[in-house]
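Here's the structure we're looking at; comments come further down.
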There are 2 protein chains.
Amino acid sequence: MRRSKARARETRQQILLAAERVFYEKGVANASMEEVARAAGVTRGAIYWHFANRSELFMALCNSVPLPQEDLLARGLEAPETDALALMERLVGEWIELLSRDEQRQRILSILLRCDYGGEFADVCTRQHDIDDRHMLALETVFARALEQGRMNRIWTPQSAASTLRWMIKGLCAEWLLFGRRFDIVAEGREGVSRLFRSFALGQILESDRDGCPGGR
Amino acid sequence: MRRSKARARETRQQILLAAERVFYEKGVANASMEEVARAAGVTRGAIYWHFANRSELFMALCNSVPLPQEDLLARGLEAPETDALALMERLVGEWIELLSRDEQRQRILSILLRCDYGGEFADVCTRQHDIDDRHMLALETVFARALEQGRMNRIWTPQSAASTLRWMIKGLCAEWLLFGRRFDIVAEGREGVSRLFRSFALGQILESDRDGCPGGR
DNA sequence: CAACATACAAACAGGGCTGTATGTTAAATC
DNA sequence: GATTTAACATACAGCCCTGTTTGTATGTTG
């Protein structure tokens, strides 16, 4: 029974939503197409009509909800005149808060974090790598600006600051998402990030260059 | 053709070694017993003789090589008189170095990091949780001692410092192990940890005059 | 040295899952 | 309004994998 074009897009969306739920619960590798189909209220035929195979379905799922890193960093880059460090901290805080409220993003990030990435999902993996690389570059750019603005301790380099921030956020998310959400990610995350950013800025005065306050010219 | 008892233990070890390699390459869920058997130079019969099923084989593999967290922290707790913070930093550095040299630990940690933990491996998962919990408690103990010793900035609590350190190490390892080992984990890890520990200690001196120049507008 | 237990190998049964091929119906198209 | 085609449902073939069972040769024990 053929449906209209609009309805087809709708079922495609339903399939993606179902895949998200099923992949989240069973893991990408261990979820069968039949389960996804049942969860979506269709048969496997519908899935194989819209997607060639599971890895392509997975890829489409990843693309369907862009992780907000890009947008946030783009916004960060758009405002070059303000305090880069404070802006960055605010953006990270907003991102964590967004994640804490958006269950869909939580599921997709969980799937990505614990996905196997071996063999069949190689293309998904490389794509994720590319995103991460761009993400890192953007982070480094912002930190470089913060250094230029004289707001960061010179013991940090753009690379080291970006790496540390990334590792911490990644660890935070992994801990929260993969290990049962046993703490308040907004509160503890904000706190941890705040401390980290304070230590980005903090040491300035301690270093050899004792030229007063970091911002007070 | 029955082998002797000693030889049986040997084949059991061979199976574990093969499982480690195969699980590392294909992921725990996607590796078949046949592949493990071939890699070990035996048939599936041997595996099913020594282990009931795959999840038990996986569990045995996890138990066969204890991750060194426990030992290191035990050593840390044994020396209460020294500078707790410096000792901790040294231990973390040693751990990273150990990991960088020991390919077996790398494989097992990789397997654990990207393992699915859903459904069939629930018991492995809870066991890992227990280990992590004990790990966290030990970390907090050491940081509490560092605070008592007056070596840490009071903006940190034992919990927050332990969480931050854990998140960072976890993120570092995940980045290195799961994403192609594209950087020198010893150098960058040591550097990052060093900076983190410096910022643990750093603010002490600043705390009194902290409100002097927060942003400098 | 006979009898039993052990440490496997080899064969077997069964199921689930994948991908494809075919059928079917309603929407597009003309 | 007939034909085509899109959007599925259903049926099918076949593989791989698991867990079990059976066979068997060799240690081990009394």
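Here is the naming used below: chain letters follow the sequence lines, and residue numbers restart at 1 for every chain. These numbers come from the heavy atoms of this one structure, side chains and all, not from hydrogens, waters or symmetry mates.
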Review point. Heavy atom of residues 35-49 of chain B under 4.0 Å from DNA chain C: which residues?
Key: B:V42, B:T43, B:G45, B:A46, B:W49
Review point. Of B:E34 and A:R12, whose closest DNA chain D nucleotide lies nearer the 5' terminus?
Key: A:R12
Check your understanding: Ring centroid separation for A:W156 and A:F143, is it under 6.0 angstrom?
Key -> no
Exercise for review: Whole angstrom is fine here: how far is it from CZ in B:R9 over to P in C:dT6?
Suggested key: 14 Å
Point to revise | Residues that B:D102 engages under side chain to side chain donor-acceptor pair (under 3.5 Å), provided they are two or more places apart | key: B:R105
Exercise for review: Just jot down the salt bridge (Lys or Arg N to Asp or Glu O under 4.0 Å) partners of A:R21, sequence neighbours excluded, or say none.
Suggested key: none
Point to revise | Whole-Å gap separating P (D:dC16) and CZ (B:R54) | key: 16 Å
**Study point:** Rounded distance in Å - CG (A:N53) to P (C:dT20)
**Key:** 9 Å
Revision key, fill the gap. Whole-Å distance, A:F51 CZ to C:dG19 P, equals 14 Å
Review point. Contact class for B:A31 vs. all strands (heavy atom < 4.0 Å): base, sugar-phosphate, or nothing?
Key: sugar-phosphate
Check your understanding: To the side chain of B:M33, which of D:dC8, C:dC8, D:dT18 is closest?
Key -> D:dT18
Exercise for review: Establish, from distance only, whether the side-chain atoms of B:T157 and B:S160 form a donor-acceptor pair under 3.5 Å.
Suggested key: yes
**Study point:** B:H50 vs C:dA7: side-chain N/O to OP1/OP2 distance below 4.0 Å
**Key:** no
Check your understanding: Does a side-chain N or O from B:T11 land closer than 4.0 Å to OP1 or OP2 of C:dA7, or not?
Key -> no
Check your understanding: CG of A:N30 versus P of C:dG16: gap in Å, rounded?
Key -> 14 Å
**Study point:** Under-4.0 Å side-chain N/O to phosphate OP1/OP2 contact, A:S32 with C:dT18
**Key:** no
Review point. Just how far, in rounded Å, is C1' of D:dC8 from CD of A:Q14?
Key: 15 Å
Exercise for review: When you get a sec, tell me which of D:dT18, C:dC8, D:dT28 is the closest nucleotide to the side chain of B:K5?
Suggested key: D:dT28
Review point. By side chain to side chain contact (heavy atoms under 4.5 Å, CB included), which residues pair with A:L61, not counting sequence neighbours?
Key: A:L16, A:E20, A:F23, A:S64, A:I108, A:I111
Check your understanding: salt bridge (Lys or Arg N to Asp or Glu O under 4.0 Å) with B:E35: which residues, sequence neighbours excluded?
Key -> B:K26
For residues 39-53 of chain B, which side-chain N or O atoms pair as donor and acceptor with protein atoms under 3.5 Å away, sequence neighbours left out?
from	atom 1	to	atom 2	distance (Å)
B:T43	OG1	B:G45	N	3.4
B:N53	OD1	B:S55	OG	3.2
B:N53	OD1	B:E56	N	3.1

